[in-house]
Number of protein chains: 2
Amino acid sequence: MTTAPPPPPLRERKKQRTRQALIDAALALFAARGFGGVTLDELCDEVEVSKRTFFRYFGGKEEVAMAPLHDLWRAFLEELETAPADGRPLLELMEATLLAALDRVADEAWAGRAALSFRLSQETSSMDAHNLHFCESTLRSVVAVLHRRLDLPDDPRTRLAGDLLVAAWRLAVEGWAVTAAGAPSVTDLAARVHDAVAALPGSLTLTARPRPGVTGSGPPGKAG
Amino acid sequence: MTTAPPPPPLRERKKQRTRQALIDAALALFAARGFGGVTLDELCDEVEVSKRTFFRYFGGKEEVAMAPLHDLWRAFLEELETAPADGRPLLELMEATLLAALDRVADEAWAGRAALSFRLSQETSSMDAHNLHFCESTLRSVVAVLHRRLDLPDDPRTRLAGDLLVAAWRLAVEGWAVTAAGAPSVTDLAARVHDAVAALPGSLTLTARPRPGVTGSGPPGKAG
DNA sequence: GCGCTTACGCCACCGAGTGGCATAAAGTAG
DNA sequence: CTACTTTATGCCACTCGGTGGCGTAAGCGC
């Protein structure tokens with residue numbers, strides 16, 4: 001019987017509550033006064049937790065602010081373990097898996113937090129750097145899983161495909177986080193991810209003629 | 001007579017010497033004891049410069065270590081201003097421009113420093129994060145220049161193409177920095193960049209069958 | 001030589017992040 | 001309910017990256 005509601009070691013609940021409290025408080029404070037305008041001491045004071053404890057939950061100031069995005073990628077990695085691997089192109093597989101992960105972890109509250117996280121990361125270089133690094137390092141695990149589950153050649157195209165997904169993801173979220181300032185919708189985000197991935201082939205072959213009359217450098221005088 | 005060697009404001013020379021001394025000392029120290037094993041005070045002491053002065057040259061500890069790579073991208077941006085923009089695909093244009101920038105800034109000494117920088121960044125998350133962020137932020141300028149000089153649509157494919165280039169670049173340097181530990185050759189790097197860009201289309205369509213016998217979840221029990 | 005600008009050094013300070021140790025709370029056995 | 005173990009937390013002191021302010025010396029034009 002799975003009816004026995006798994007008694008999550010009462011202890012563990014407090015930890016998760018503390019963790020979530022830190023995330024929520026951090027996002028609220030950062031949104032109000034900016035990432036750099038809030039000290040860890042303030043944040044810890046708000047949640048009534050010692051700074052020492054904060055660092056037992058998060059690796060740094062940036063990490064707590066990026067937690068929602070991190071959770072999604074963790075889910076992505078999990079989904080990847082069980083994703084059906086028929087003969088689809090890798091990129092398609094990864095897109096579908098990402099969408100599945102999104103569907104699993106993303107409720108309405110998540111959407112709000114995630115959009116806020118991303119907006120914050122756009123105005124805070126250390127957060128953006130942290131985020132990029134996290135994606136890239138997660139990508140390593142992704143490639144590892146892929147190689148374990150699939151019969152892939154050793155060439156670097158697998159890794160490249162992962163970078164493509166990350167690029168599309170970032171593009172999608174960037175648009176989403178802006179427009180979704182008021183009411184971020186997970187459905188909208190999913191659609192944007194799909195569109196961004198679909199735009200990838202076109203970006204490879206995109207060709208443009210030089211602007212009429214503009215041959216070299218110099219002020220372009222506001223493209224008409 | 002252009003033989004009059006342009007007297008660079010004697011003042012400026014000292015600045016550039018100090019800057020380069022900081023870079024060289026930093027790379028040497030980091031290579032010897034690791035990024036985290038060297039304090040700024042030590043570095044400044046080595047170059048006989050005050051810590052205050054260090055921060056007038058570099059934005060942080062990571063920046064001095066990534067200087068060689070940064071210089072290349074700065075050159076890339078400059079080259080992009082005058083790059084011939086015939087009807088080639090964007091990606092091809094960017095690749096050629098990157099190669100041109102490489103040819104301009106990269107001498108033998110640069111190759112050694114750059115390879116060291118990149119190797120360092122691979123074992124130091126804060127450096128890698130910084131590097132990624134720098135690429136991404138440079139990419140913004142690249143897209144801006146492209147839109148100014150070329151008649152490009154407003155859709156996000158331009159940006160995507162830039163991300164593709166960055167992905168290929170990172171892949172190329174990654175391989176190069178490892179093998180070129182002893183004798184990093186610029187020619188080799190250029191070839192790797194070309195190969196990586198050439199591999200992009202294939203990564204889009206890369207397809208793989210599931211591993212024979214591995215169908216879904218469950219501990220793979222050490223695939224053997 | 002004499003001012004003017006510019007870069008530098010010094011010092012004091014803030015805030016992020018870490019290690020060590022004592023302690024209180026959760027869980028376990030009697 | 002008590003006693004004992006485990007583990008998360010709090011507190012404290014400390015290191016180090018990074019910044020602001022101000023005095024001063026080194027270019028540099030006159």
Round to the nearest Å and state the distance from B:Arg11 atom CZ to D:dG29 atom C1'. 13 Å

Which residue lies toward the 5' end of DNA chain D, A:Phe54 or A:Lys51, if each is placed at its nearest nucleotide? A:Phe54

Whole angstrom is fine here: how far is it from CD in B:Glu62 over to P in D:dC16? 16 Å

For a quick check of understanding: with a heavy-atom distance under 4.0 Å over all strands, which category does B:Tyr57 fall into, base, sugar-phosphate or nothing? sugar-phosphate

Within the 4.0 Å heavy-atom criterion, would you say B:Glu48 contacts the bases, only the backbone, or no part of the nucleic acid? sugar-phosphate

Tell me yes or no: between the side chains of B:Thr97 and B:Glu79, is some donor less than 3.5 Å from an acceptor? no

Separation of atom NZ in A:Lys61 from atom C1' in C:dG17, rounded to whole Å: 12 Å

Hey, is the side chain of B:Lys14 poking within less than 4.0 Å of OP1 or OP2 on C:dA7, counting only N and O atoms? no

Relative to the ring of A:Trp169, is the ring of A:Trp73 parallel (under 30°), tilted (30 to 60°) or perpendicular (over 60°)? perpendicular

N or O in side chain of A:Thr39 less than 4.0 angstrom from C:dG15 OP1/OP2: no

Whole-Å distance separating the CG atom of A:Leu22 from the C1' atom of D:dT9: 13 Å

Is a salt bridge present between A:Arg33 and A:Glu46, judged by a nitrogen-to-oxygen distance below 4.0 Å? no

Partner residues of A:Phe55 under the ring pair (Phe, Tyr, Trp, His ring centres under 6.0 Å) criterion, sequence neighbours left out: none

How many whole angstroms separate atom CZ of A:Phe35 from atom P of C:dG15? 14 Å

Just the rounded figure in Å: distance from P of C:dG9 to CG of B:Asp45. 12 Å

Ignoring hydrogens and angles, answer whether the base of C:dG9 and the side-chain atoms of B:Arg56 contain a donor-acceptor pair closer than 3.5 Å. yes

Please give, in whole Å, the distance from D:dC11 P to A:Phe55 CZ? 16 Å

Under the rule for ring pair (Phe, Tyr, Trp, His ring centres under 6.0 Å), what residues qualify as partners of B:His133, not counting sequence neighbours? none

Under 4.0 Å from OP1 or OP2 of C:dG9: is there any side-chain N or O of B:Ser50 that close? yes

CZ of A:Arg52 versus P of C:dG15: gap in Å, rounded? 19 Å

